[in-house]
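Chain letters run A, B, ... following the sequence lines, proteins first and then strands; every chain starts at 1. Values reported hereafter were calculated over all heavy atoms of this structure, with side chains retained and with hydrogens, waters and symmetry mates removed. Values in this document were obtained by computation on a predicted structure and should not be read as measured data.
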Protein chains: 2
Amino acid sequence: MTTQNTVDLLRLYKLRPTRQRVALAALLFDGTARHVTAETLHGQVKDMGITLSLATIYNTLHQFTKVGLLKEIRGIGDATWFDTNIDQHHHFFDITNDHLIDIPASSITISNLPDSPQGKVIDGIDVIVRLSDE
Amino acid sequence: MTTQNTVDLLRLYKLRPTRQRVALAALLFDGTARHVTAETLHGQVKDMGITLSLATIYNTLHQFTKVGLLKEIRGIGDATWFDTNIDQHHHFFDITNDHLIDIPASSITISNLPDSPQGKVIDGIDVIVRLSDE
DNA sequence: CAATTATTTTACAATCATTCTAAACTACTT
DNA sequence: AAGTAGTTTAGAATGATTGTAAAATAATTG
Ligand SMILES: [Mn+2]
Ligand SMILES: [Mn+2]
Ligand SMILES: [Zn+2]
Ligand SMILES: [Zn+2]
């Protein structure tokens, strides 16, 4: 993604295109599916020779999530993961290397779910398929 | 559960029936399905007038899990939950009150799951159905 | 292009769930 | 009863994350 495209993307979402946000958006939104934690992303920008504080990474990941550019995933190890795939979908989680693989929602059929309790409605369904070496 | 039954249960699993473990086992294994965190369980024993350290609660929950008396559930809020239902099953999670409800594995049908990657095998499947007020 | 204002970044402290450590205590064996 | 191995505990440490307040920077205005 060019810097100009990244700037435009941020403007579109009413986020000031600061040096830090441009760097992170360029890394994240290259069209490929990415799963990052604050720490892994911090490592990736550092590898590019850019220094920015972990607090800014957290702030930015949450802002991107708020505007709908990212999805938060919890329950994978101890840290919070952020996903560039914002479609409703599920995950394989390889417990031997902490690797996530997308499963399109259309690839899983869930049937016979019991009725929700009185006055409650389903907000979402998260499926995690844990993988290990055979 | 009588104290004697609790003592026998612990002996059966080669765990010394200490005052602390007897109290926790009696609370947990009364035959009803329970979902606790270290903190909620700590509160419950405190309410019974028994004082024991949070470290012991953590130790005991992990020991009970290791021998198969409990199951660990992650991805529900920030804390680790422990479940007296050790059958393979899933959960409704009510996000308005942090309440968990069991869904028997037999009540959910998952079909069309994509193939696992080369050399990987499915270790387990966790389904969390998030509930909110309608 | 200043000057002003609004937003963002950052260093650093604080929080919270959990684990570690090492000393005091207790259950089991002899 | 004494000895030993296992357990509990207070308190420190850890690690992910969030809060704070000052310094830096982007946007706006004249
Ligand atoms: Mn968050
Ligand atoms: Mn654990
Ligand atoms: Zn994903
Ligand atoms: Zn359960």
Side-chain angles (χ1 to χ4, degrees), chain A residues 3-4 6-27 35-46 48 50-67 69-70 72-82 98, chain B residues 3-4 6-27 35-46 48 50-67 69-70 72-83 98 100:
Chain A
T3 297
Q4 188 50 52
T6 305
V7 168
D8 290 346
L9 176 73
L10 292 170
R11 286 244 161 78
L12 188 61
Y13 284 92
K14 313 256 189 273
L15 295 169
R16 280 195 184 177
T18 62
R19 181 176 63 78
Q20 292 82 341
R21 293 210 270 231
V22 170
L24 293 174
L27 247 175
H35 298 103
V36 301
T37 67
E39 284 292 354
T40 66
L41 187 56
H42 195 225
Q44 289 173 34
V45 289
K46 208 176 283 179
M48 295 177 60
I50 303 166
T51 305
L52 65 183
S53 76
L54 201 51
T56 297
I57 306 255
Y58 276 107
N59 289 342
T60 305
L61 287 172
H62 284 127
Q63 289 153 1
F64 285 2
T65 300
K66 199 186 217 175
V67 301
L69 283 167
L70 291 176
E72 242 184 84
I73 312 174
R74 300 203 172 221
I76 305 294
D78 289 326
T80 302
W81 289 78
F82 293 86
D98 273 36
Chain B
T3 297
Q4 189 50 53
T6 304
V7 168
D8 291 345
L9 176 73
L10 293 171
R11 286 241 161 80
L12 189 61
Y13 284 92
K14 313 256 190 271
L15 295 169
R16 278 196 187 176
T18 62
R19 183 175 62 78
Q20 292 81 342
R21 294 209 270 229
V22 169
L24 292 174
L27 246 176
H35 299 102
V36 301
T37 67
E39 283 292 356
T40 66
L41 187 57
H42 195 225
Q44 288 172 34
V45 288
K46 209 178 281 180
M48 294 177 60
I50 302 165
T51 305
L52 67 184
S53 75
L54 201 49
T56 296
I57 306 254
Y58 277 105
N59 289 341
T60 305
L61 287 172
H62 284 128
Q63 289 154 359
F64 286 3
T65 301
K66 199 187 218 176
V67 300
L69 283 167
L70 291 176
E72 241 184 86
I73 312 175
R74 294 187 172 243
I76 305 295
D78 290 325
T80 301
W81 289 78
F82 294 86
D83 194 337
D98 274 36
L100 283 168

Between protein and nucleotides 7-14 of chain D, what N or O pairs are separated by less than 3.5 Å?
residue : atom : partner : partner atom : Å
D/dT7   : OP1  : B/R21   : NH2          : 2.3
D/dT8   : OP1  : B/T18   : OG1          : 2.5
D/dT8   : O3'  : B/Q20   : NE2          : 2.8
D/dT9   : OP1  : B/Q20   : NE2          : 3.4
D/dT9   : OP2  : B/S53   : N            : 3.2
D/dT9   : OP2  : B/S53   : OG           : 3.3
D/dT9   : OP2  : B/T56   : OG1          : 2.5

Q: Could I get the full list of side chain to side chain contact (heavy atoms under 4.5 Å, CB included) partners for B/V67, not counting sequence neighbours?
A: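 Expected list: B/Y13, B/L15, B/L69.
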Q: Tell me, please, which residues at least two apart from A/A79 pass side chain to side chain contact (heavy atoms under 4.5 Å, CB included).
A: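 Partners of A/A79 under the side chain to side chain contact (heavy atoms under 4.5 Å, CB included) test: A/T37.
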If the cut-off is 4.0 Å, is [X] near the phosphate of [N], judged by side-chain N/O to OP1 or OP2?
X     : N      : result
A/T80 : D/dT17 : yes
B/R74 : C/dT18 : no
A/H62 : D/dT17 : no
A/Y58 : D/dT17 : yes

If you define the side chain from C-beta out and look only at heavy atoms, does anything of [X] sit under 4.5 Å from [Y]?
X     : Y     : value
A/V45 : A/I57 : yes
A/E39 : A/L54 : yes
B/L24 : B/L52 : yes

[X] [atom1] to [N] [atom2], straight-line distance once rounded to whole Å:
X     : N      : atom1 : atom2 : result
A/H42 : D/dG15 : NE2   : C1'   : 15 Å
B/L61 : C/dT18 : CG    : P     : 10 Å
B/L41 : C/dT18 : CG    : C1'   : 15 Å
A/R11 : C/dT7  : CZ    : P     : 15 Å
B/E39 : C/dA17 : CD    : P     : 6 Å
A/E72 : D/dA16 : CD    : P     : 16 Å

Q) Quick one: CH2 on A/W81 to CD on A/E72, what's the gap to the nearest 0.5 Å? A)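 Going from CH2 on A/W81 over to CD on A/E72, the span is 13.5 Å.
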Q: Would you give the length of the straight line joining atom CG of B/L70 to atom CD of B/Q63, rounded to the nearest 0.5 angstrom?
A: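 Output value for this atom pair is 11.0 Å.
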**Q.** DNA chain C: 5'-proximal contact among B/T37 and B/P17 (nearest heavy atom)
**A.**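 Its nearest nucleotide being more 5', the pick is B/T37.
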